[in-house]
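The structure under discussion appears below in the form of structure tokens.
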Amino acid sequence: MAATMIPAASTTAAPADAVAPRRRHTGGPVGRVGRTLTTAAAATAGVAAQTLSFSERMIAGAIARGVAQTSLHPVDVVRTRLQAKGVARNWAPSVFVKGVLPQILLALPAGAVQFAAFESAKEKFAGMLPGEKNQQVRDLLAGACGAVAAASFRVPQEVIKQRIQADIYPNMAVAVQTIASAEGLPGFYRGAIATMSRDVPWNALAFLFHGQAKSAFASIKGRKPNNQENLGLAGFSGAVAAVIMTPVDVVKTRLMTQRAGGVQYKGIFNTLTRIVQEEGAGTLMKGVVPRVMFLAPLAGITFSVYEGVAKVIKQRKARAAIMSGQLTDASLGGKVPTVPGLAFVGPRLGRVGSVVGRTNRAVVCRRPGM
């Protein structure tokens with residue numbers, strides 16, 4: 001049952017039943033009922049509505065990282081105090097908010113840079129390493145790129161935050177002033193190599209495991225995971241990666257929680273060797289439980305919030321395109337298209353819909369016998 005396409009030429013609308021069928025337009029995208037109509041302008045608007053710009057990726061990443069890290073900050077305090085050397089086991093309620101200000105302030109730009117770099121890298125690697133067989137390699141490399149880019153903010157964030165959490169400084173103002181005066185700019189990047197040695201593999205592995213988990217879920221269930229299922233898959237991926245990288249995390253914490261002018265550890269290998277010799281190899285797994293408790297939900301919350309914010313941005317852009325006339329389909333009843341570049345005709349609704357293209361010529365699609 002094919003749709004009939006009629007140019008809207010007259011300003012005086014005739015009754016639907018009185019409109020004589022015109023010759024079928026063989027060059028247009030009209031077929032059986034339920035097929036879609038597109039124009040160049042509608043396709044362009046649709047693609048734009050379903051693609052995040054660089055700034056939009058940064059916004060989504062900033063919100064995702066900020067929400068995730070701030071909500072899990074108390075667990076991060078426990079991890080730091082267990083891993084740092086010589087810190088009193090004081091668990092008063094006020095302890096659990098130590099370092100929360102640098103956590104919030106620097107998590108936003110770190111998340112923005114991380115996800116913008118990750119998404120951009122995915123697009124670049126898609127052209128360089130095409131094909132389904134290279135999907136895992138692309139995810140791994142894109143995750144690493146995101147982690148490296150975020151380190152510009154993550155390292156200072158960790159230095160300031162962890163020294164406050166370890167009772168070295170009382171607050172962010174004192175920490176920044178002391179580090180700047182005693183060590184200068186390099187002081188804010190103490191432990192940078194250890195941080196990237198932890199974050200690059202963890203982020204890459206988390207992204208990789210998450211992609212594999214979603215693929216496995218789709219193969220088993222025959223559908224994509226919903227939001228709750230995606231949260232669980234991302235959490236599991238982050239937890240596995242967290243356990244693997246815990247020894248490096250301990251080394252990083254020891255390097256960062258040294259007082260200005262009182263350097264005890266120098267470099268990853270030196271720190272690793274001294275910990276094993278002086279405290280035993282088991283010390284390298286200190287804080288693994290709170291680390292997993294932090295990173296498992298962190299990964300889940302971050303991925304899910306990012307995807308959720310991205311979805312909202314795309315819906316708003318599609319809605320704006322519809323309102324501006326670039327992408328129009330009256331038969332949708334106000335619903336926003338979810339497939340890029342397409343305006344859908346809903347023949348079962350028994351209503352008239354139109355798609356307006358670059359030439360501003362309206363194309364009306366109706367069911368026979370309406």
Side-chain angles (χ1 to χ4, degrees), residues 36 38 42-72 107-123 125-126 135 138-139 142-143 145-146 150 203 206-218 221-238 296-324 326-329 331-344 346:
T36 61
T38 66
T44 302
V47 170
Q50 294 298 310
T51 304
L52 293 184
S53 66
F54 184 80
S55 61
E56 289 165 343
R57 290 170 183 168
M58 294 188 75
I59 292 172
I63 294 173
R65 191 83 187 193
V67 170
Q69 285 195 346
T70 303
S71 62
L72 295 168
L108 297 176
V113 171
Q114 178 182 354
F115 276 93
F118 172 71
E119 294 288 359
S120 298
K122 276 206 308 185
E123 293 177 0
F125 289 128
Q135 179 65 50
R138 293 198 300 268
D139 288 344
C145 289
N203 280 279
F207 279 117
L208 177 61
F209 293 160
H210 186 229
Q212 290 178 323
K214 288 197 294 186
S215 298
F217 183 96
K221 295 288 187 179
R223 61 176 176 82
K224 293 182 178 180
N226 58 34
N227 288 339
Q228 289 184 336
E229 292 164 340
N230 189 50
L231 183 67
L233 294 175
F236 173 77
S237 303
L298 176 71
I301 295 171
T302 302
F303 285 126
S304 297
V305 172
Y306 180 82
E307 291 178 1
V309 173
K311 182 178 179 180
V312 171
I313 292 174
K314 291 175 183 178
Q315 288 176 338
R316 291 175 65 89
K317 290 171 69 175
R319 202 170 288 119
I322 290 174
M323 295 299 293
S324 67
Q326 294 175 313
L327 187 63
T328 306
D329 188 349
S331 68
L332 289 172
K335 296 181 180 180
V336 178
T338 57
V339 178
L342 300 181
F344 291 90

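For Lys317 against Ser53, the heavy-atom pair with the smallest separation is NZ-N, 4.4 Å. For the residue pair Met58 and Ala116, the shortest heavy atom distance occurs at CG-CB, 3.6 Å. The nearest pair of heavy atoms linking Cys145 to Phe125 is SG-CE1, 4.0 Å. For the pair Ala107 and Gln69, the tightest heavy-atom approach, listed with the atom from each and the gap, is CB-OE1, 3.1 Å. Gly146 approaches Ala117 most closely through the heavy-atom pair CA-CB, 4.0 Å. Of all non-hydrogen atoms in Ala150 and Val113, the two that sit nearest each other are N-CG1, 4.0 Å.
Thr70 contributes no side-chain N or O that, together with a main-chain N or O of Val67, makes up a donor-acceptor pair within less than 3.5 Å.
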Residue pair Phe217, Asn230: steps toward the side-chain contact (heavy atoms from CB on, under 4.5 Å) verdict: CA-CA 9 Å; Phe217 183 96; Asn230 189 50; over 6 Å; no

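One finds the CD1 atom of Ile301 at 11.5 Å from the CZ atom of Arg65 (value rounded to the nearest 0.5 Å). We find the CD-OG1 distance between Gln114 and Thr302 to be 7.5 Å, quoted to the nearest 0.5 Å.
By the 4.0 Å N-to-carboxylate-O rule, Glu307 lies close enough to Lys214 to be salt-bridged with it. Look at Glu229 and Lys221 and you find no salt bridge, because none of the NZ, NE, NH1 or NH2 atoms lies under 4.0 Å from a carboxylate O.
Remark: Arg57 pairs with Glu123 by the salt bridge (charged side-chain N to carboxylate O under 4.0 Å, His left out) rule, at least two apart or across chains.
Side chain to side chain, Glu119 and Tyr306 meet the donor-acceptor criterion of an N or O pair below 3.5 Å.
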